[in-house]
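Every number for a ligand or one of its atoms is a count from 1 in the order of the listing.
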Amino acid sequence: MAIRDAIIAVDFDGTVVTHAYPHIGNDIGAVPVLRELIGNGCRVILYTMRSGRLLDDAVAWFARNDIPLYAVNENPAQREWTDSPKVFADLYIDDSALGCPIKFEDGIKRPFVNWVKVRQRLVEEGFLD
Ligand SMILES: [Mg+2]
């Protein structure tokens, strides 16, 4: 049984697409997994160092891929109990996080998230069936 209503914070560059900052990187398999999480009642927060137009480009990527965002770079609910700028989430998916499954590919300088393995972990941890 999946954990419903979990808030999942996802980084952008290297996490949902390959690293190509300030451009938008290539698809790496995040879309179906994120849609599946949302289908299970999870809410997705984008957390990224991008700002201004480059942030708009990232937000547009989610819209283009039919992934509704609960929030961007903040958790609206946490304002009631903290002034901390850290985004509150039940789970963070970030290519720079220790333990995040990553993948190296020829010709690509920086590794990116391995969504096949992330999906397996999400099942093991109860976020997906
Ligand atoms: Mg990153």
Verify whether one side chain among T15 and D95 offers a donor that lies under 3.5 Å from an acceptor in the other.
-> yes

Q) Is the closest side-chain donor-acceptor distance between Y92 and D11 under 3.5 Å? A)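 Their side chains do not contain a donor-acceptor pair, so the 3.5 Å distance test is not met.
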
At a cut-off of 2.8 Å, protein N/O/S around the Mg ion (ligand 1) gives D11 OD2, D13 O, D95 OD1

NZ-CG distance between K103 and N114, expressed to the nearest 0.5 angstrom =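 So the NZ of K103 and the CG of N114 are separated by 5.5 Å.
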
Value for CZ (F12) from CG (D94), rounded to nearest 0.5 Å, stands at 13.0 Å

Run through I3, L34, L37 and flag the one making a side-chain contact (heavy atoms from CB on, under 4.5 Å) with C42.
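It is L37; the other options fail the test.
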
When the ring planes of W81 and F88 are compared, do they come out parallel, tilted or perpendicular, using 30° and 60° as the limits?
perpendicular

